[in-house]
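Note sheet for the following structure.
Letters A, B, ... are given to chains in the order of the sequence lines, protein chains preceding strands, and every chain is numbered from 1. Side-chain atoms are counted along with the backbone in the values below, which use heavy atoms only and exclude waters and symmetry mates.
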Amino acid sequence: MIGLKGTLNVIDNSGALLIECVNVLKQKVNNGWGGVGDEIVCVVKRARPVATSTGSTVVKVRRGDVRRAVIVRTKKSVRRPDGRIVSFDDNAAVLLNNKREMLGTRIAGVVSADLRMKGWGKIVSLAPKVI
Amino acid sequence: MSLSLLRRFARSMSTAAPSYPFSKLAVIPPAPATPPPAPLLKGKGLMAHLSDTLPSPDKLKLLKTYFSKRHPLRILPGSVLSVTMGHAPTQFTGVLLSVRRRGIDTSILLRNVVNRLGVEMQVFVASPHVKDIKILQRAGGGTGQGKVGKRMRRAKLFYLRDSPEKMSAISAGLRG
């Protein structure tokens, strides 16, 4: 249940560390709360220092950037179709561009398997562990 | 007579369970050998009867031994269990934080630390999707050595969410 002002950890290598939710997109029936697999608009609150070298091809985000992200882990429990209830110890997201493509190239950490059901198969395939 | 006619005749004479006309997936259990007693037909003792008949026999055995309140073989909170399920992720191992006893709705809360992140999963034990529950380390009683962990003094171990060192102590006991 991520809403306005909710903070999430970023688990890809786009450079951001902590983002704050500003808006939950395209949902009619969630009362303004985002869950796993929902797209949000966010502000980057903390980012890794951007290296001045032009070696990498990954877009590095800066502090204060307004980007989109998809929620991949929530502390709020989610029900699976077979009745299980899963919750994680923190809220995490992966940054996206406006075309629903990932900004980073790698994901570090666990992601929720509900992403597959919501259509984020690419993120699930990149994640080292899916629960 | 043709073979198909014979077969149809035999099928109509069989004592198979009646089919439910509105759903192919509905399972109609076969009628019990002895007819239900008169008070049950009136509705007395219905919930107790349902709690004995609704789960399948192996699930019922699971509920009545491992997840009962007083059975000598019951699983105490603080044990380490490994649950095998039908859908992904098929296997989840974790410390048993709590047993929520509600008859057929009995569920267990397992906590594990994966890649330095805590994950909790609540599994309903009478679900047909739950294939197997293995006990890796029981909690409680005695010296707390070998396959037996420390006895927890609480029924619900939610305090483990805030102390990763106690979680690692339990897992160290498992590995040692």
Between the side chains of [Y] and [X], is the shortest nitrogen-to-carboxylate-oxygen separation below 4.0 Å, so that they form an ion pair?
{"X": "A:K122", "Y": "A:E101", "value": "no"}
{"X": "B:D132", "Y": "B:K134", "value": "yes"}
{"X": "A:R84", "Y": "A:D82", "value": "yes"}

Linking Ile, Leu, Val, Met, Phe, Trp and Tyr by side-chain heavy atoms under 4.5 Å, what else ends up with A:I123? A:I11, A:V36, A:V70, A:V72, A:V78, A:V94, A:L96, A:M102, A:I107, A:V111, A:L115, A:W120, A:V124, A:L126, A:V130
Where on B:R111 is there a heavy atom nearer than 4.5 Å to chain A: the side chain, the backbone, both, or neither?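 Contact with chain A: side chain only.
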Part of B:H129 within contact of chain A (heavy atom distance under 4.5 Å): side chain
Could you check A:R62, A:R67, A:R63 and say which one makes a side-chain hydrogen bond (donor to acceptor under 3.5 Å, both in side chains) with A:D65?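 Exactly one pass, corresponding to A:R67.
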Would you find a donor on one side and an acceptor on the other, under 3.5 Å apart, between the side chain of B:D52 and the backbone of B:H49?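 Not at all, since once roles are kept as given, no pair shorter than 3.5 Å links the two residues.
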Output yes when a side-chain donor or acceptor of A:T7 lies under 3.5 Å from a complementary backbone atom of A:E20, and no otherwise. no
Within the structure provided, determine whether B:V125 and B:K59 are in side-chain contact (heavy-atom separation under 4.5 Å).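 Sidechains of B:K59 and B:V125: no contact.
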Contact residues of residues 90-108 of chain B (partner chain A; heavy-atom separation under 4.5 angstrom):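 When heavy atoms of chain A are the reference, residues 90-108 of chain B contributes B:F92 within the under-4.5 Å range.
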Closest-packed option against chain B by number of heavy-atom pairs under 4.5 Å, given A:R116, A:R73, A:R79: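 Answer, by heavy-atom pair count under 4.5 Å with chain B: A:R73.
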Shorter than 4.5 Å, heavy atoms on both sides: which option in B:L117, B:V119, B:V123 has the most such pairs with chain A?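 Heavy-atom pairs under 4.5 Å are most numerous for B:L117.
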